[in-house]
Amino acid sequence: MTTRTRSTAVTLTSLLASCLLLTACQSGGGSTGAAPASASAASSDGASAASSGGASASAVPAGVASKPASSAPLATSRATAAGTPSCAAGALTPSVAHRLEPKPDNTYGVLLNFANSGGKTCVIEGFPTVAIAGQGDPTRNRPLKVTPEGTARSVRLAPGARAYLMLTFHQVLGEADGYCPSGATPSAPPSLVVGAAGGHFQVEMGDGGGNFAECDDVVRTTAFLPTQP
C-alpha cells in the first residue's frame, strides 16, 4: 500500500513537472514568434524611410545647390536697375563699327557701342536685331539670323555712358568678290540696321574698314555689355 502511494506520488510529480515544462516552452515559443513580427515591422519602417528619402532626393534637381550662387549677380543687376527707366531710342546714339582681325574659324568680329545721349540715367538690356541695309538704305533691309551669345544683363547708363556690342560674322574668303565655304553667295553691304530699345539705327564701318562682307546671312551677337569685350 505504501509502495503504491509512493508510485502514485512520483507519477503525479512527473506529470506536474512535464506540464510546467510544456507551459514554459509555449511561453518561450510565443516570445520567439514575436521577434520576426518586430523585425518585419522594422524592415517595413526602414523601407518606408528609404522610400521617403528617395522621393525627397529625386524632387531636388541635380545641381540646384549651385544655382543661388550663379543667379546672385543677376539678382543684383535687377536690383540696381530697379526704378530706373528703360532707355528710349531717341536717347541713344550708335558709334561707327570697328572690324576686328579674322579668327581661325573663318569669322570676324565687329565692335560698336551705344551712348546715352539723353539727360537722364536709363537702362538698356537684351540682344539687338541685325539686318543688312539694302544698298545703304535702312528702309530696305534684309534681316539676318541672329544667334545670341552669353546672358543678357541690365546695363545702367548715366548720361554719356556707353553700352557695347560684339557682332560676329562669317568671313568672305578669296579675292575680288570672294566666296563662301558653304556655297552661299556672299554679300557686302555698306551699312547695317541694328535694332535696339524699340528703334532702328543705321551703322557704318569706321576707320576705312569698307563694307560688312558676310556669308550665309547669319550673325552672332552679345547682349549689351557695360564694358568693352
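Model, not experiment: these values are computed from the prediction.
Side chain of T129 to backbone of G195: a donor-acceptor contact under 3.5 angstrom is found.
The shortest distance between side-chain heavy atoms of I124 and L157 falls below 4.5 Å. The closest side-chain heavy-atom distance from L111 to L165 is not below 4.5 Å. For the pair P102/T107, no side-chain contact is recorded, criterion being any heavy-atom separation below 4.5 Å from C-beta on. Within the 4.5 Å cutoff, the side chain of F169 has heavy atoms near those of the V110 side chain.
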Could you walk me through whether I132 and S187 pass the side-chain contact (heavy atoms from CB on, under 4.5 Å) test, one step at a time?
-> CA-CA 9 Å; I132 289 174; S187 63; 3.6 Å; yes
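Taking the ring axis of F224 as reference, the NZ or CZ atom of R153 does not stay both within 45° of it and closer than 6.0 Å to the ring centre.
Under 3.5 Å, the side chains of T221 and E149 contain no donor-acceptor pair of N or O atoms.
Residues in residues 162-173 take part in these side chain to side chain donor-acceptor pair (under 3.5 Å) pairs, two or more places apart or across chains: N113-R162, H170-D216.
The two atoms that bring T93 and S117 nearest to each other are OG1-OG, 2.9 Å, heavy atoms only. The heavy-atom pair separating C87 from A197 by the smallest distance is O-CB, 3.5 Å. In terms of heavy atoms, L92 sits closest to F114 at CB-CD2, 4.2 Å. The minimum heavy-atom distance linking F201 with A196 is given by the pair CE1-O, 3.4 Å. Contact between N211 and P190 at its shortest, heavy atoms only, is OD1-CA, 3.4 Å.
The pair K145-D217 does not count as a salt bridge, with every side-chain nitrogen at least 4.0 angstrom from each carboxylate oxygen.
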